[in-house]
Trainee: 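Encoded as structure tokens, here's the structure I'll be asking about.
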Number of protein chains: 2
Amino acid sequence: MAQRVTVLDVAKAAGVHPSTVSRALKPETRSLLTDKVSARILEVASALGYRPNGIAASLRTRRSQTVGVVIPDITNPVFPPILSGLEEVLDAEGYIAMVANAGGDAERQRLVVDRLLARQVDGLVMATVARRDPVVDFCIAAGTPLVMVNRAEAARRVSSVVSDDALGMGLAIDHLAALGHRRIGLIAGPQHLSTGLGRRQGFTAAMERNGLAEDPAAVVFAAAFARDAGREAAGRLLDAAPDITAVMAANDLLALGVYDVAAERGLRCPEDLSVIGHNDMPMVDMVSPALTTVHIRHREMGMQAGRLLLSLMRSTSQGGVDVVLQPTLIVRASTATARA
Amino acid sequence: MAQRVTVLDVAKAAGVHPSTVSRALKPETRSLLTDKVSARILEVASALGYRPNGIAASLRTRRSQTVGVVIPDITNPVFPPILSGLEEVLDAEGYIAMVANAGGDAERQRLVVDRLLARQVDGLVMATVARRDPVVDFCIAAGTPLVMVNRAEAARRVSSVVSDDALGMGLAIDHLAALGHRRIGLIAGPQHLSTGLGRRQGFTAAMERNGLAEDPAAVVFAAAFARDAGREAAGRLLDAAPDITAVMAANDLLALGVYDVAAERGLRCPEDLSVIGHNDMPMVDMVSPALTTVHIRHREMGMQAGRLLLSLMRSTSQGGVDVVLQPTLIVRASTATARA
DNA sequence: CTGAAAGCGCTTACAG
DNA sequence: CTGAAAGCGCTTACAG
């Protein structure tokens, strides 16, 4: 109802030309006008309850002031803080986020991106990316400014913000080694995701650096970064390598799966088995035992992604930038001296 | 780059008028055309990589196929499942969600809504609403289809989807009463929110129904639905009413605050003190002891809100509908027989 | 069944 | 410093 007032109405009421109204309304061009004129226009506009139609402006300027964000599962607790940081940065510059919960399926993701592009988003943030990802090809072909967050693709063609997975695993393994653990199992994540691969490689490197032998039987792959997948993998791991004294999980949900299996089998944590996670997602300080884990600043990740995208959208930067955040180790109650 | 192709280009390439292209592209109007013509147009369009400009279409049709979602804090675990359900429903009908993390401040919320309206959203979902909320007045004045989710306003002017707070509290108190608890404390939430007020009223009604005396000293108000506020309130509660054998918390985060204080004071849960939460947010099954709580189907809540908004946007319904979801009680390890 | 015209509401070179 | 004109890319009555 209210949205019937247009620049033309304001112009008429103020006795000026529509173009003058337009100029009065944006702070950048307001200085072109006499103070008296712009003051009158502003007054009339607010009296009439005028609200500029952003769609019309977008069509004319070819900039929608809108950014598309593609997320695999908003329900995964790592994403909300990323989104929150991203929005804070974007919002300050007048951008609004179109958030799409796209799931893990590439076909569906492509459809979602297509819809976002049809909506003329000025930029795209993808949190869904696999190491080789056809959806990325699709985005690149569209020529829209693009940033990946949390995960990167193998062929580093696009700017990204990720955590230093090797560093994180290094901190964790150093901690276990210092506690006297020698036989450490790994529950690795999906290897088609950069986090899955990077953390597994980081594990191997850190074991080597600590002079520990990596037992092939003690490296097990989870089908997904999820608690039930962790449960399943933990079962396999403890069957194949019952002598391990510690389990490194590629993320916190997998670590919770380890908790489940340990409880089932009567293994006490940390007395019989130390467990480390990755992410430091909300609430893992409250589980029992409180989880030792690699802390990633997800909010900061989102903010950095926002800044990167902003500079891309303004052509301030050419892209090809990888921002790598340094994680830290949070020692809690799930790790202890290795059992004899 | 790709986005240079327009209806005009397609029309020229296909040897028809732009309006014919437009008709060929939408399934609804396609039947107006000869199969041969529309087939050729579709072919040419895809060959040229044509993607309709949604902004231009929106300007013309005055429908943006876009919905604004205002959330106080996406980082609060109740909201992601709501969002997920909402998007699923909206997405199926071709709508995209603009999600704004607006915080708790009314001034800022109004600004966010203003921006969403400027972007010409076809509808609005608010998860931020207080019992009396100036932002709602603002939205109503704008005349945009509006649905509230999770919380409702006092003066039921707008359609909403909420949980039956009285029922939830009833289930919880019945459970405690059955376990022999007579002196039950309440950590109530903020009373300016419908959930805070409704749960407190539900508590009182349920105590009465069970023939239990409500001790005024044993009802304490938390400043916010947050863990630290719960901690602070739990301290006050246990000081004022040290003889209580159970604490009912108005949500899970408050319940976790109770856990913190109980641990500090050497009270064992559930042996010395039973605790019940509200929401059944993710991970509360993993805390120690696993939290007994009132389960709300947040995803369903989002889906219902989506359907309500859809019918409002299509003028299929007049609004004024309140959808109330029935919660269930999930009994876990934080409640037990009352101590002697 | 298809075309020609108008217009959604804004902004921005171009004049003056 | 302000106005007049054109056009962003689409859709939809209106003709024929």
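Atom set for the values below is all heavy atoms of this structure, side chains included, hydrogens, waters and symmetry mates excluded. Per chain, numbering begins at 1; letters A, B, ... match sequence-line order.
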Trainee: For side chain to side chain donor-acceptor pair (under 3.5 Å), just list the numbers for Arg115(B) and Tyr95(A), CA-CA rounded to whole Å, side-chain angles, deciding distance to a tenth of an Å, and then say yes or no.
Mentor: CA-CA 9 Å; Arg115(B) 232 143 95 168; Tyr95(A) 286 88; over 6 Å; no
Trainee: Give the rounded distance in Å between these two atoms: CG of Leu32(B) and C1' of dG3(C).
Mentor: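 After rounding, the reported distance stands at 13 Å.
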Trainee: Just the rounded figure in Å: distance from P of dT12(D) to CZ of Arg23(B).
Mentor: 10 Å
Trainee: Between the side chains of Ser160(A) and Arg151(A), does any donor sit under 3.5 Å from an acceptor?
Mentor: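 The answer is no; no qualifying pair exists.
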Trainee: Stem list for DNA chain C, please, built from Watson-Crick and G-U wobble pairs under 3.5 Å and keeping only runs of at least 3.
Mentor: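 The stems that DNA chain C takes part in, listed by first number, are C:1-3 with D:14-16, C:5-12 with D:5-12, C:14-16 with D:1-3.
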Trainee: To the nearest 0.5 Å, what is the distance between CZ (Phe225(B)) and CG (Asp73(B))?
Mentor: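 One finds 14.0 Å between CZ of Phe225(B) and CG of Asp73(B).
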Trainee: List in numerical order all residues of residues 6-22 of chain A for which some heavy atom is under 4.0 Å away from an atom belonging to DNA chain D.
Mentor: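 DNA chain D contact set from residues 6-22 of chain A: Val16(A), His17(A), Ser19(A), Thr20(A).
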Trainee: Can you tell me the distance, in whole Å, between the NZ atom of Lys26(A) and the P atom of dG9(C)?
Mentor: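 Going from Lys26(A) (NZ) to dG9(C) (P), I get 17 Å.
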Trainee: Determine whether His298(B) and Ser84(B) make a side-chain contact, defined as any pair of heavy atoms from C-beta on separated by less than 4.5 Å.
Mentor: no
Trainee: Side chain of Thr61(A) only, heavy atoms from C-beta on: which candidate in dC8(C), dT11(D), dT12(C) is closest?
Mentor: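 Of dC8(C), dT11(D), dT12(C), dT12(C) is nearest to the side chain of Thr61(A).
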Trainee: Please figure out whether Val37(B) or Gly54(A) has its closest DNA chain C nucleotide nearer the 5' end.
Mentor: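 Closer to the 5' end of DNA chain C: Val37(B).
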Trainee: Quickly work out the Lys36(B) NZ to dC1(C) C1' distance and round it to whole Å.
Mentor: 13 Å
Trainee: Find the distance Asn53(B):CG to dG7(D):P and express it as a whole number of Å.
Mentor: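 Going from Asn53(B) (CG) to dG7(D) (P), I get 18 Å.
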Trainee: Whole angstroms only, please: what is the CD1-P distance between Ile55(B) and dC8(D)?
Mentor: 15 Å
Trainee: To the nearest Å, how far apart are Arg63(A) CZ and dT12(C) C1'?
Mentor: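 About 15 Å, once rounded to whole Å.
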Trainee: If you take all heavy atoms of Pro52(A) and Gln120(B), which pair is closest and at what distance?
Mentor: O-OE1, 4.4 Å
Trainee: Separation of Arg51(A) atom CZ from dC8(C) atom P, in whole Å?
Mentor: 19 Å
Trainee: Look at the side-chain N and O atoms of Arg60(A) and state whether any lies under 4.0 Å from the OP1 or OP2 oxygen of dA6(D).
Mentor: no
Trainee: Could you tell me the separation between the CE atom of Met301(B) and the CD atom of Gln304(B), rounded to the nearest 0.5 Å?
Mentor: 10.0 Å
Trainee: In chain order, what residues pass the side chain to side chain contact (heavy atoms under 4.5 Å, CB included) check against Ala127(B), with sequence neighbours excluded?
Mentor: Ile71(B), Pro72(B), Phe79(B), Val149(B)
